[in-house]
Amino acid sequence: MNKEPIRHHYIPQFILRNFCFDEEKRLYYFSKKTSKICERKTSEIFMVRNLYRDNINNPDEPVKIEKDMARFESEVSKIIKERFLKGNEIVITLEENEKLLLFFALMGFRSIITRNSFRDRASEKTKALYSHYQKDGNLSDLWKRNLGKLVNCRSLKEILNHKEIDDPIKGFMYRDIVGLYGCYFVVVERRGAFDFVISDSYPTVITGSMENGLELILYSIFPISPDRVILIAANGVTGAPQSVTVFDDEVLKRPKWNQNKKIITIRVRKVYEKEVEYVNSVIIKEAHDGIAYRDKGRVRIAISPNAK
């Protein structure tokens, strides 16, 4: 008899395994709460027990969301492993591009931080906003109910046409998939003495302020290995000063589309110690619980002198 999955990861293990230093799926983990470094298995970090368990909407199969998430992860892992982690040019179809944008947008919505914002930290304003969609005021149920629908979509169009996804959630997903002006994938590969790290802040979002005070998302950071990071960049980011974006315009350059707009070629961009340290610094700063990485000698973390 198969046991129900209890450890529900909000960062997929197929990504975490890329940061392991041995075949036992161990990596180094720095806890921000204790300022200590230890060895942990991927099964033990960036997860919450029964995070997606849903007895209300799926009483006959309460772990359906977790199983559906695993199926989506399996589809995406093949693309990441076979193309995004290999070679200097990454070729994907329009359909794969849409699927990946949705998947990475879902990383924010499925997170423990978002769950808490619906459950423990919902303001009166938030409760009032969702009162039309959740009559009993159970916003945790609203989150799971919508998550269960989102994880079975594969494009923004499917989300927008879905009759059972609540309108505010459609708005959030539209924002995170498209942004104000559209967005695109950038893949950067590190050079030099430092590796990339990964944390529970996934994605780490970089914003910039306009003259009128409006904050816009410049790009979101998704580490996929110690060597490579995916950036989802907003159209127009290359017009921002490098003092704001850190990366130069060549790194943030849009990928190429073929003539019929069905094939996208992403050229992997090389970045060096200054850029890698910047990426790591913002990931570490925004992390809530901890940071994981493969090699202690290739990572700098500002920790207390007594950390071990």
Side-chain angles (χ1 to χ4, degrees), residues 3-53 63 65-70 72-74 76-77 80-81 84-85 103-104 106-117 119-120 143 147 151 190 194-205 220-230 276 279-304 306-308:
K3 292 183 178 180
E4 291 184 344
I6 295 175
R7 296 184 178 189
H8 298 177
H9 285 76
Y10 49 88
I11 299 179
Q13 288 197 79
F14 81 81
I15 291 176
L16 297 180
R17 291 183 189 118
N18 297 330
F19 292 82
C20 292
F21 60 77
D22 67 8
E23 293 182 357
E24 295 183 18
K25 301 175 185 176
R26 292 185 300 170
L27 35 65
Y28 292 107
Y29 180 79
F30 168 69
S31 169
K32 291 191 78 172
K33 294 180 179 178
T34 65
S35 291
K36 291 185 177 180
I37 299 170
C38 60
E39 296 177 6
R40 302 285 291 274
K41 290 186 176 181
T42 60
S43 60
E44 300 171 333
I45 65 171
F46 306 147
M47 66 87 191
V48 175
R49 285 176 170 80
N50 293 314
L51 176 62
Y52 306 123
R53 187 177 182 84
V63 292
I65 294 176
E66 173 66 8
K67 290 181 178 179
D68 289 345
M69 201 82 73
F72 198 178
E73 289 173 6
S74 178
V76 170
S77 69
I80 299 297
K81 290 176 182 178
F84 279 74
L85 292 174
F103 179 82
F104 283 108
L106 199 59
M107 290 302 97
F109 191 79
R110 70 184 282 189
S111 71
I112 185 64
I113 299 168
T114 300
R115 192 282 303 269
N116 289 344
S117 71
R119 190 181 71 172
D120 304 326
W143 175 70
L147 181 59
V151 74
R190 64 103 187 141
F194 303 122
D195 286 347
F196 292 115
V197 302
I198 188 170
S199 83
D200 56 323
S201 177
Y202 202 84
T204 299
V205 179
S220 300
I221 302 172
F222 296 88
I224 56 172
S225 80
D227 302 315
R228 290 190 176 185
V229 161
I230 290 175
V276 174
V279 169
N280 285 348
S281 69
V282 294
I283 289 174
I284 292 168
K285 180 182 177 182
E286 296 300 319
H288 294 266
D289 295 325
I291 301 100
Y293 47 94
R294 184 168 61 193
D295 188 335
K296 287 195 290 187
R298 297 184 61 84
V299 170
R300 285 181 182 175
I301 299 177
I303 58 178
S304 67
N306 297 323
K308 296 181 181 179

Quick one: side chain to side chain contact (heavy atoms under 4.5 Å, CB included) partners of [X], sequence neighbours excluded?
X	answer
Ser117	Thr114
Asn116	Ile112, Arg119, Asp120, Arg121
Asp68	Lys64, Arg71, Val151, Asn152
Glu66	Pro5, His8, Tyr52

According to side chain to side chain donor-acceptor pair (under 3.5 Å), who are the partners of [X], at least two apart in sequence or on a separate chain?
X	value
Arg298	Asp195
Ser31	Thr34
Arg294	none
Ser199	none

Ring pair (Phe, Tyr, Trp, His ring centres under 6.0 Å) partners for [X], two or more places apart:
X	result
Tyr202	Phe222
Phe194	none
Phe14	none

| query | When you check the gap from the basic side-chain N to the acidic O, do Arg7 and Glu44 get nearer than 4.0 Å? | reply |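 The answer is no: the pair does not qualify as a salt bridge.
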| What pairs meet the salt bridge (charged side-chain N to carboxylate O under 4.0 Å, His left out) rule with one or both residues in residues 282-291, with sequence neighbours excluded? |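 Residue pairs passing salt bridge (charged side-chain N to carboxylate O under 4.0 Å, His left out), neighbours aside: Lys33-Asp289.
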